[in-house]
Structure formats: structure tokens, C-alpha cells
Peer 1: 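Dumping the structure here so I can ask a few things about it.
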Amino acid sequence: MRQTPETVVLVDCGCSFVQKIARAVRDKNIYTMVIPGGAPVDRVLAENPAGLVLVAGEDAAKNDAVQAKFAGVKLPQMQAASVEDADKIVKFCMDSCGCKGSWKLENFIDEAVADIRAQVGDQTVVLGLSGGVDSSVAAALIHKAIGDRLTCVFVNHGLLRKNEPELVQEVFARNFNMKLVYVDASDRFLDKLAGVNDPEQKRKIIGKEFIDVFAEAAAKTNAPFLGQGTIYPDILESISFDGDPKGVIKSHHNVGGLPKDLKFKLVEPLERLFKDEVRQVGKLLGLPSELLDRHPFPGPSLGVRHVGAIDRKTLHILREADAIVTEELFKSGWYHKTWQTFAVFIPVRSVGMKNHQRTYDYVIAIRSINTVDAVTAEVVQLPWDLLFTMSQRIINEVEGVNRVVYDITQKPPGTIEWE
Ligand code: XMP
């Protein structure tokens, strides 16, 4: 990645809010980078920063050590101790570091395009497109840079939401005229999953099959480069203060565990952007809100929202119920007020009545949560009318369901997904 002018480095002494500060200062058009306090001074200077902000952690000894380490560095420096210091930092950047506040995402796009061209030369890139925000924006950006020399591989593992394969193909192949290899591997996945009840085993099967299917399709393109939608928090959360793996929040899921012998060189144009910046870039590149502003969706997809063994019939029930939940959420204006809202299939049958006939059908649960970081989550109190409409529609329109329940479990003790 090229050197962005007027970079201010936030030296993280082990605090929990450094990303928030970085993000707030970027909002004032000053480019910030976060580097762990344990990094060597040279590593920080390599960013050619206009100034340093030492962001104090909760652990005093680390702050002292970091201050001592940077004491001799001839750059404007200040210390910060809370998110509220963001304004002071902006003033410091302008007054002491000579920043003009000219960093813009529009410039980011031009720079990223130039960088991708320089990195890839006249070679080709393959990218695994999931339809999620990060891989979609990475695809659009790489496509802007190298056009037809990008091939996207979109794997349908049979666990996607209603109309999702059509939506993703329509946006990319038809609207962007992008080279898109669509692999419908539904049968392969669903056959492997047949009769498997254990949630962990289901996840492992989905993960392994996914890698195999993607690797096969990617190998056919002969591309030396692999494009990825890695974003800044993925990187920040996978480095610790002093390189000790115990301090890692979560490991950067490099290529979802693609085997090392695939030997791709990585193209990761979003690696310095925060999530909402990625969305803004996507918007500037012309991606529709339908893709950019969707709720997060887990890699194993409907597979972890279908409790127990998955068969095609009950998966169909879940997919239809989920589509109704989403449709009603949009209609009522509640979609963007919740972080995730979805249907869960529960493989329990109970007695009910439909058209004066006895029924013995399955249960659908509706789950709606809000969260900041998905580590804890609270249940959203969706309006009763809305829940009632969802319930009525699911029971009337989805064959095989005669009962709908609302999941009112916080996280913890529950997790967001059921499996
Ligand atoms: P849990 O169920 O752990 O979910 O409370 C926390 C957040 O992570 C999402 N999630 C996943 N995302 N691959 C993903 O990409 C996964 O295997 C996975 N499992 C859960 C979940 O949707 C929620 O936003």
C-alpha cells in the first residue's frame, strides 16, 4: 500500500477504544493508522508519520514503557486516554503536525486502483465472492483496476437465502459485466450434510467443502493472485501488543483456511479501511444498498439456523420463512434498526389446526438482536403487530409450519446463531 500523505500514527498501549479514536479522527479527513505499542520504533517511522499519538491503555506499565521508547523520536507527540480525546487529537494534527485534513475516500479509490495495477501488472486475480459487503467491495475495486483480468468465483453451497444466487449474479455479472464463475455445489454440500446432527460437525463439513470447491474453481483460472476482502479490524484484532499470541482477539481468517500449498499472492485493497468506510467505498463504486447495507450473515449461512440434520424439505421451509421475516422487516422500516433479524428452523413438531384440520408441523423461531461488536447482544423488542404479521404469514404461506415463537434470549447466555 502506498504511503498516504499526512499519516498520523496512533500507538496503541493496549487500550480497548483505539479503533474508535482512529475512526473518529479519519472522519475529520486525517488519515490515522494504529500500530501496537510493542512494535519497534522503526516500524512506526516506516509509515512516515506527521505525528504520533500515544493512546494509553488500562495497564500503566505498558504506557510508561511505550513513552520511554518513543521519547527520543523527533516528531510531534501527544498522549490520549479516552475516545473523548478525538477532538484534541484533530487539533494536534492540524496545529502541531501540519495536517491539512485532505484525506478522502474518493482519493483512496484512485490510490487503491493504482496500487492494484502496480501489484498485479498484467497478471490475473481470482476472488471468492460471498455476496457479503467486504468481498463485494473488494471485487468492485479490483475490477475497476484490472477489469477482465479479475475472475470472481461465487460458490452456492445450497445454504443461501432466498434469491441470493440470483441477486449476486445480477449485480456482478449483469450490472458490472464482471467475469463470474458460478459454481452450484448445492447437491455436493447437502449430500454431505445429510443426517448430520452435531452443530460442530455441520460447520466443519461446510467449511471443508467450501475450501475444496473454491480451490478447484480457483485453480482452473490459473491466477497467481488471490483477491480478499480483508478489512482493517481483521488485521488489528489479529496483532497483539507485543506479538504474544495470547493477546490476539481473533486470528485473521486468512482465506478461510485455504491450504498453504495453493501459494497465491494476496491482493487486499481494503486492509486499511474500517467497515463503514468499506460501505462508503462500495457506494462510490456503484454497488447497490441491497448488498452494502445487509445484515451480517454467517459463513455457514442457513446451515447454522437450521437446528439438527438438514434435509432439502426442511431447509426449504426455513428459507421461505426467513424471506417473509426479511420482507416484513423492510416493509415496517425495522430492517435498518436491527443488527440481525432472522428465522430459525426448529425440528420439533407440535399439534395445531389449519382450515379446520388437525396439523402436526414444525416450529419457526424469530430472532432479532442489536449489538455493537457481536460479543454481547440484546434482544430487540420488535413491535407486537410486526411479529404477529410475520407469524401469520409464515403459518399461512409456508407449508409445514404451524407454530412461530420469538426468541428472547440475550447473548450471553445465548449465542446469536442457534448453532
Ligand atoms: P454467535 O452465534 O457466535 O455470532 O453469537 C456472532 C456473530 O458472528 C456471526 N457468525 C459467523 N460469521 N462465520 C461467520 O462469518 C461463522 O461461522 C459465524 N458464526 C456466527 C453471527 O451471524 C453473528 O453476527
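Every number for a ligand or one of its atoms is a count from 1 in the order of the listing. Note that the structure is predicted; figures quoted are calculated from it, not measured.
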Peer 1: From Ile116 CD1 over to Leu141 CG, what is the distance, rounded to the nearest 0.5 angstrom?
Peer 2: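 One finds 4.0 Å between CD1 of Ile116 and CG of Leu141.
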Peer 1: Please, which pairs that meet ring-ring contact (aromatic ring centres under 6.0 Å, His included) have at least one residue in residues 35-64, sequence neighbours excluded?
Peer 2: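 Of all non-adjacent pairs touching residues 35-64, none passes ring-ring contact (aromatic ring centres under 6.0 Å, His included).
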Peer 1: Return yes if some donor-acceptor pair links the side-chain N/O of Arg149 with the main-chain N/O of Gly121 below 3.5 Å, else return no.
Peer 2: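 Pair found, side chain donor or acceptor close to backbone of Gly121.
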Peer 1: On the ring face of Phe297, is Arg161 found with NZ or CZ under 6.0 Å from the centre and within 45° of the axis?
Peer 2: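 Yes, a cation-pi geometry holds between Arg161 and Phe297.
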Peer 1: Report each N/O pair between ligand 1 and the protein that falls under 3.5 Å, naming both atoms.
Peer 2:
| residue | atom | partner | partner atom | Å |
| --- | --- | --- | --- | --- |
| ligand 1 | 2 (O) | Ile416 | N | 3.3 |
| ligand 1 | 2 (O) | Glu417 | N | 2.8 |
| ligand 1 | 5 (O) | Lys411 | NZ | 2.6 |
| ligand 1 | 5 (O) | Ile416 | N | 2.7 |
| ligand 1 | 13 (N) | Gly299 | N | 3.2 |
| ligand 1 | 15 (O) | Gly299 | N | 3.2 |
| ligand 1 | 17 (O) | Arg203 | NH1 | 2.6 |
| ligand 1 | 19 (N) | Arg203 | NH2 | 3.0 |
| ligand 1 | 22 (O) | Gln340 | NE2 | 2.8 |
| ligand 1 | 22 (O) | Glu417 | OE2 | 2.5 |
| ligand 1 | 24 (O) | Gln340 | OE1 | 2.9 |
| ligand 1 | 24 (O) | Gln340 | NE2 | 3.3 |

Peer 1: Looking at His295 and Thr338, what are the two nearest heavy atoms and their distance?
Peer 2: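 Taking His295 first and Thr338 second, the nearest heavy atoms are NE2-O, 3.0 Å.
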Peer 1: What is the ring orientation for His336 with Phe330, classed by angle as parallel under 30°, tilted 30 to 60°, or perpendicular over 60°?
Peer 2: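 Perpendicular.
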